Amino acid sequence: QLDLNYSSRQRNASYALNFGVQHQKYNWYGIYDFFNFNPDSFFDDLDVSQHYVSATLGASIAMEDSFFESAAIHFRYLGDSYNSSEFTISALPKFSVPLNEYNLNIALAVDYISGSFFEDLFIAGAKKYTQFNVGVLPSISVVTDDLSLKLGVTAYLGMDGEANETDVYIYPNLSASYRLVGDLFIAYGGIEGGLMQNSFYGSKEVNPFVSPTLDMNPTSKTYDVFAGVKGKLTKSLAYNVRAGYTNEKDKALFKSNLYS
C-alpha cells in the first residue's frame, strides 16, 4: 500500500491532495459438501486466490470568511482477479450564508459509480451497473447560548443507467441540542435520512471474501430517529447515552452463495 499526501494552509484557505494505490491478496476457503466426492486432482487445479488492486485520487479545499465553505472531490478505481472493474467519482461542495440570527447552509452531493463483473451468479454473461445520484442538502442553523437547532431537508435524484430508471428521494434533516446544566448535561435528538451509494469497494472492505457477482443499488435511509444525553464529567471524562431507530430500504447484506 502506498499513500501520498500534500497539504497547504494559506491565510484564508487550506488545500489538500492525496493519492494512493493498494494491492490486497486473499484466499477463499471452504467448499460445498457436494464437491467432496471429487478426486484430489480436482482440488489441486482450483485457483482460490483473489487479488484486489485499487487507486484513489482526492482533493479538498476549505475557505475562511467566505460563503464558499469547502469542497472535496474523490476518484477511485478498483479491479480484481476476475476482470471486475469499478470507477467512482464523488464531490461535496458546501456553502454557508449568514442571515441575521441564523446561517443558511447548502451542500451539494454528487455520486457516480460505474462497474462491471465478468459474469452474473445465475445468468450467463457480464453484469454491469451504473448509478448517478445528485443531492441538495439545505438547512438553517440557529445557535444561542444553550440551544443549537438545525432545520433542513435532503433531496436526491437517483438515476440507474442500466435500468433507465430515475427516482426522487426526500428525507428529513432535523436536530437539536440543549444545555440543561452547562457542559455537564446536554440533551439532544433529531431525525435524519439520506441516500448511500453501495459499491464493490465498500463491500470488499467489509468482507474481502465476497463473490464478484453483486447487485449494486443505493441504500435509502428513509429516517433515523435518535435522542440522548451527553456531557463532560471532567476534562478527561465524558459520556454519551443514545437511543435510536432506523428505517432503511435496499440495505446491502451478505448471503452465502449456494456453491462456495
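Worth knowing before you read on, the calculation uses all heavy atoms, side chains too, and leaves out hydrogens, waters and symmetry mates. Source: prediction; values computed, not measured.
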### Query
Under 4.5 Å between any side-chain heavy atoms of V168 and Y156, yes or no?
no
### Query
Is the Lys NZ or Arg CZ of R9 less than 6.0 Å from the centre of Y15's six-membered ring, within 45° of the axis?
no
### Message
Taking the side chain as everything from C-beta on, heavy atoms only, tell me whether S66 gets closer than 4.5 Å to E64.
### Response
no
### Query
Hey, is R242 close enough to D224 for a salt bridge, meaning N to O under 4.0 Å?
yes
### Task
Mark yes when over 12 heavy atoms from residues, nucleotides or ligands other than F118 sit less than 6.0 Å from its CZ; otherwise mark no.
no
### Query
Does any pair with a residue in residues 151-165 pass salt bridge (Lys or Arg N to Asp or Glu O under 4.0 Å), and if so which ones, sequence neighbours excluded?
none
### Query
Between the main-chain N or O of L184 and the side-chain N or O of Y239, is there a donor-acceptor pair closer than 3.5 Å?
yes
### Message
Is any side-chain heavy atom of K150 closer than 4.5 Å to one of S148?
### Response
no
### Task
Would you tell me whether N247 and T222 have side-chain atoms, one donor and one acceptor, within less than 3.5 Å of each other?
yes
### Message
Please check: side-chain N/O of S114 versus main-chain N/O of F87, any donor-acceptor pairing under 3.5 Å?
### Response
no
### Message
Testing the basics here: between E119 and T213, what is the closest heavy-atom pair and its distance to 0.1 Å?
### Response
O-CG2, 3.4 Å
### Message
On the six-membered ring of Y52, is K204 placed so that its NZ or CZ lies under 6.0 angstrom from the centre and within 45° of the ring axis?
### Response
yes
### Query
Within the side chain of S84, is there an N or O that forms a donor-acceptor pair under 3.5 Å with the backbone of D80?
no
#### Entry: P218 versus L195, closest heavy-atom pair with distance
CB-CD1, 3.9 Å
#### Entry: Side-chain donor-acceptor pair present, T56, Y77, cut-off under 3.5 Å
no
### Task
Answer yes or no: is there a side-chain heavy-atom contact under 4.5 Å between F200 and L78?
yes
### Task
Give a yes or no on this: more than 12 heavy atoms of other residues, nucleotides or ligands lie within 6.0 Å of atom CZ of F68.
yes
### Task
Could you tell me whether a side-chain N or O of Q50 sits under 3.5 Å from a main-chain N or O of S81, the two making a donor and an acceptor?
yes
#### Entry: Donor-acceptor pair, side chain of N198 and main chain of N217, under 3.5 angstrom
yes
### Query
Are the charged groups of D215 and K127 less than 4.0 angstrom apart, N to O?
yes
### Query
Distance under 6.0 Å and angle within 45° of the ring axis: does K230 meet both against Y188?
yes
### Message
So, taking the atom named OG in S54 and the one named NE2 in H23, what distance separates them when rounded to the nearest 0.5 Å?
### Response
10.0 Å
